[in-house]
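Given the structure is predicted, the values throughout are model-derived calculations rather than measurements.
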Amino acid sequence: MPHPLAPRLSEMSQEELTKKYNELMAKMNQAYRMGPFSIIPQMQMLLEDYQLEMQNRQQKQLEEMEKNSKNFKNIIDIK
């Protein structure tokens, strides 16, 4: 379940998503150093949403590459 205050991540461009993720990481590091510590769990949930969206996009890109490239046809999946 996404964080209720998270923007619609699927509508963001890759650059916007990366920029917002980096900004949130900087704020998280600042919160760890100086406080307020009560906000950290909320920020972690937001970061998880961003990470999940980035992973989903990477997975889609990989699937597209596998479909469109003959070099991926004979690769053994060791999952």
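When the side chains of ILVMFWY residues are joined at heavy-atom separations under 4.5 Å, either directly or via intervening members, L9 and M25 end up in a single hydrophobic cluster. Hydrophobic clustering of Ile, Leu, Val, Met, Phe, Trp and Tyr side chains at less than 4.5 Å, counting indirect connections, keeps M65 apart from M54. F37 and M43 fall within the same hydrophobic cluster, where Ile, Leu, Val, Met, Phe, Trp and Tyr residues are linked whenever their side-chain heavy atoms come under 4.5 Å apart, directly or through other members. Taken together through direct or relayed side-chain contacts under 4.5 Å among Ile, Leu, Val, Met, Phe, Trp and Tyr, Y21 and L17 form part of one hydrophobic cluster. Linking Ile, Leu, Val, Met, Phe, Trp and Tyr residues whenever their side-chain heavy atoms come within less than 4.5 Å places L47 and I40 in a single cluster.
For the atom pair E16 CD and E23 CD, the distance stands at 10.5 Å (nearest 0.5 Å). With values rounded to the nearest 0.5 angstrom, N22 atom CG is found 10.5 Å from K19 atom NZ.
Donor-acceptor pairing under 3.5 Å is lacking for the side chains of Q55 and Q51.
The nearest pair of heavy atoms linking P36 to A31 is O-CB, 4.2 Å.
For residues 36-46, every residue pair satisfying the side chain to side chain donor-acceptor pair (under 3.5 Å) rule, not counting sequence neighbours, is listed here: H3-Q42, Y32-Q44.
For the pair R57 and E53, the salt-bridge criterion is met [side-chain N within less than 4.0 Å of a carboxylate O].
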